[in-house]
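Note on naming: letters A, B, ... go to the chains in the order of the sequence lines (proteins, then strands), and numbering restarts at 1 for each one. The structure displayed is predicted, hence computed values, not measured ones.
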Amino acid sequence: MTNLTVEDVHVAYGATKIVSGASLSTNSGELTVLVGPNGCGKSTLLKAMARVLPLQSGRVRLQDLDVHATPTKNVAKQLALLPQGPIAPEGLTVRELVSQGRFPHQSLWRQWSQADTDVVERVMRQTKVAELAGRPIVELSGGQRQRCWIAMILAQDTPVLLLDEPTTFLDLKVQVDLMTLLRDIAHTDQRTVLVVLHDLNVAASFADRMIMMKSGQIVVDGPVSEVLTPENLKEVFDLSADVVFAPETGLPVCIPRTGAGPVTAPQAVAL
Amino acid sequence: MKHILIAAALSLSASMGLAQDTRSFTDGAGNVVDIPLQAERIVSLRGEQFTAPLVELGAPIVGSTGNIIDGVNNGEPVIRGAYDLFHTRFTEGGITHVGTSTQPDFEAIASLNPDLILLPDYRAEQYDQLAEIAPTVIINIWSNSARERYRRIADAAGRLDRFEELQAVYDFRLNEGRALVEQMIGDPSKVSVAIAEVRDDRFRVYKVYGAMSNVLDELGFSKPELIENIDGERLDLSPEQVQLIDADFLVSSYAEHFRAPPAEISGYWDVFVPGWDQVLHAPKHNQHIFIAREPMRALSFQSMSEVLAIYLASIVTRDFVPFEG
Amino acid sequence: MTTSVIEMANGRFALKLTQLVLWVACGLIGALIMIFAMSLGFGSYDMSVAEAFRVLWAPEEGTQATVVWKLRIPRFVAACLVGAMFALSGAMLQNVTRNPIADPSLVGVSQGASLAVVALIVLWPDVPLGARPVAAFAGGMSAALLVQAIAAGKQSTASMRFILVGIGVAAMISAGTSAMLAYGNINQAMGALGWLAGSVHTVTWTTCYILGLCFAVCLPAVVWSARPMAAFQFGPEVAISFGVRVRRDRFLVITLAVGLAAFAVSAAGPMGFIGLLAPQLAQRLAPSGTGGRLVLSALTGGVLVSGADLIGRTIAAPIQFPAGLVSAVLGVPLFIFLIIQRAKTSQL
């Protein structure tokens, strides 16, 4: 059980404050989704949690480790980050990319071990990229590529995974597949998975917990059904929307009010 | 006893034959080098500075640097200066081409089995390799006057006596010239002469330029103040500064008849310094003198004698319109 | 592609290489041995390869021994070292900036070293030759520090910024060198131009010893650099996530790259293309991880410069072409050929 806790974190780019006093904590076995309007500081907070950005004040803790004060190599065995839109070096094959995830477990003298091979094979099967192992990354589709990156951070074998917009620019079906994979990782492996997303409905469909940010601060934090409400959408996103519940799954769905006049009941039923 | 005598005689003759007589020579970089009393196989690493004077001295040269110059000597490499002045050429068994002065072929030099190598000071970085091949002497080019440089070359080659002979002949002629100057002009410093050229969009004046400047100085003529004050050998000017070099006479060099003849040189002036022949006193009054560049650049008493003759004919012994600066 | 893991000491020491990398490395070493043999046997001094090898085993006094031991071997050794150092420098800069065109001469290192040496030749002609390597190193280092200082923003690890600042500084320094050459004494300017051609023409064993020592000092650092570089190729964020101290290691790798280039420039003058060409050629001969790429780049650089020097000094003898010129003339078409060959399967 490794919990990631953020305590009153402030982050700034130069004089510009991006995150001002964010606190949250995540739990093992949970898929937590961080949402908020563009520029609200959700990616910045994620980067600060992954020590890519320094803190102005506050603390990020992994169990009892201070992420920003612990030797970075030790943190790397506990916490993995997949940044937005990562770029693979030219000519790299899937297996080579996934193998790079073993980096924190290796040293200059010990570049490879049987354990590394075992982990790489396991995560490639888990992410369903094993059959692509020998192919160069550049030849793959966007969805396949993103699976490889997820496999890479899985190979890092950390209890905590942070992902920044892993589904951007992908088809809905591919997004669904990826989010299913991430949810399985959280639930079956008992890992902490925190994902920054911008698609509210995709987020609502998979998240165990949803955190909404606005102007560098966390506004609401809780189970999806409690967080995704018309009131919160209005406050955080300045969005007039209805939240309805899907008939099959009972999951909340956000439908923006388009301003084309009141929708009549019979039409809504026909949908 | 007889055997001992023969052995002694043999060893004596062997030692005489093997050990070439050498002397110690301090070169321009301060290296103390053991060099032959009279070098028999000299390699020269600069055409107009070393090869030309060595040819004039009659010293035995086995190798020299050379350049391939478009349109000259049928595209075969030439020894600048020596080719133009003495028609010295690379020949089988005579002087062998050892590459360019920038990057000579050390192995080609080693093949020649030289007993003396002459190297200009600005190529001192080649000294270490050359010294492995044969005694190598660095001659300072620009920090020595032409005569001092020539004397050092003759000294290194073991031909000082020949140098003195040549110098005496030239000095005799120079003194005749100086007497002529006194007779015709009086105080030579009253006559000012500027050396200037326009080439490749570049207007350049010279304080030092081979025999051309050397003989002017030895005759005692003066220069425009701007040129006199140059720190170094030359200076590039902008066309607007043309009046600063106004003098009684203007001297320019030209290359062989087909490369850059005098007419072409005047053409460059017309383009780069329009109206120059009206602004400047010398060309306006037909007092612009042209001298062949390559023979003039060769370090030799022959070049100096030729340039002396030109100056005596075109400045000293004729009527000219004095420049009222 | 088959991957081999070379294990020693019960798995405590393990290297991972593809077999292609091993084969290509062997091929390049073979090429170096070939070039060495040809460098021994070919040249303006008339000597058969057999004779040259005889002299190699029995270095007696005489002109043959001088030619082999004092002229041919130091040239080969220096060419290999200079080539390897430029290549490693280029490979590191390309990695750190994540830009395939990075090269010590693109980001001002070679220009800084050149300006320092030309200034020494033109302004202080009496300073002994031994000061040139020191000046070159100081010049290259200063230029790199200047570029680093300007390019290093508060948070920025942006590589494009480093390249752009590097190009700007390089242009500024080159202008300074040109001015120095234009207004210097003609003979000194000529001396400086000879050095600027980029050649191992004037190297001696002393040069080789100094270069060898510099290389030996840098080597542990080069080995160390392979690991952070493996992480850098995915960008700074992933590298941080992998547990690399990105700011510190980036600075160390750049400093190492600059040091290698500055040492090489001080011995042989600037050779523009080697740092760009060798790592790119190596990568196209055998795509590999950073460790393998460093080894192959160094070998390729050695082959390029020693081969170019051999060709340059023999093809039109006694005219000697500088190795930097020959390697550019021969290497660039080869490079373009490889790009076209690989165009079907790769993005570059």
**Prompt:** Which region of B:Pro77, side chain (C-beta onward) or backbone (N, CA, C, O), has a non-hydrogen atom less than 4.5 Å from a non-hydrogen atom of chain C, or is it both or neither?
**Reply:** neither

**Request:** Considering non-hydrogen atoms only, spot the tightest contact between C:Pro318 and B:Ala108 and give its length.
**Result:** CB-CB, 4.5 Å

**Request:** Name the region of C:Pro74, side chain, backbone, both or neither, that has any atom closer than 4.5 Å to a heavy atom of chain B.
**Result:** neither

**Prompt:** Counting only heavy atoms not in C:Phe76, do more than 12 fall under 6.0 Å of its CZ?
**Reply:** yes

**Minimum heavy-atom distance C:Thr66-B:Glu132, with the two atoms named** = CG2-O, 3.5 Å

**Message:** Quick check on C:Asp46: does its CG atom have over 12 non-hydrogen neighbours (other residues, nucleotides or ligands) under 6.0 Å away?
**Reply:** no

**Asked** Nearest 0.5 Å, what's the CZ-CD distance between B:Phe106 and C:Gln320?
**Response** 8.0 Å

**Prompt:** Any luck finding a side-chain donor-acceptor pair between B:Gln103 and C:Ser199 under 3.5 Å?
**Reply:** yes

**OH-CD1 distance between C:Tyr45 and B:Ile133, expressed to the nearest 0.5 angstrom** = 10.5 Å

**Enclosure of B:Ile230 CD1 (heavy-atom neighbours >12, cutoff 6.0 Å)** = yes

**Asked** So with a 6.0 Å cut-off around CD of C:Glu51, is the heavy-atom count from everything else above 12?
**Response** yes

**Considering all heavy atoms, the nearest B:Ala110-C:Thr63 contact** = O-CG2, 3.8 Å

**Prompt:** Sub-3.5 Å donor-acceptor pair from the side chain of B:His97 to the main-chain atoms of C:Ala317, do we have one?
**Reply:** no

**Asked** If only atom types and distance count, is the side chain of B:Gln129 paired as donor or acceptor with the main-chain N or O of C:Val203 below 3.5 Å?
**Response** yes

**Asked** Quick one: NE2 on C:His201 to CG on B:Asp105, what's the gap to the nearest 0.5 Å?
**Response** 7.0 Å

**Request:** Using non-hydrogen atoms and a 4.5 Å limit, figure out which bit of B:Asp236 sits close to chain C: side chain, backbone, both or neither.
**Result:** neither

**Message:** Are there over 12 heavy-atom neighbours, none belonging to B:Asp231, within less than 6.0 Å of that residue's CG?
**Reply:** no

**Request:** Measure C:Ile319 against the heavy atoms of chain B and call it side chain, backbone, both or neither at under 4.5 Å.
**Result:** both

**Asked** Is any side-chain heavy atom of B:Glu107 less than 4.5 Å from a side-chain heavy atom of C:Arg72?
**Response** yes

**Asked** Is it true that atom NZ of B:Lys223 has more than 12 heavy atoms of other residues, nucleotides or ligands lying nearer than 6.0 Å?
**Response** yes

**Request:** Check the pair C:Thr207, B:Asp128 against side chain to side chain contact (heavy atoms under 4.5 Å, CB included), reporting the backbone distance first and the verdict last.
**Result:** CA-CA 11 Å; C:Thr207 324; B:Asp128 290 345; over 6 Å; no

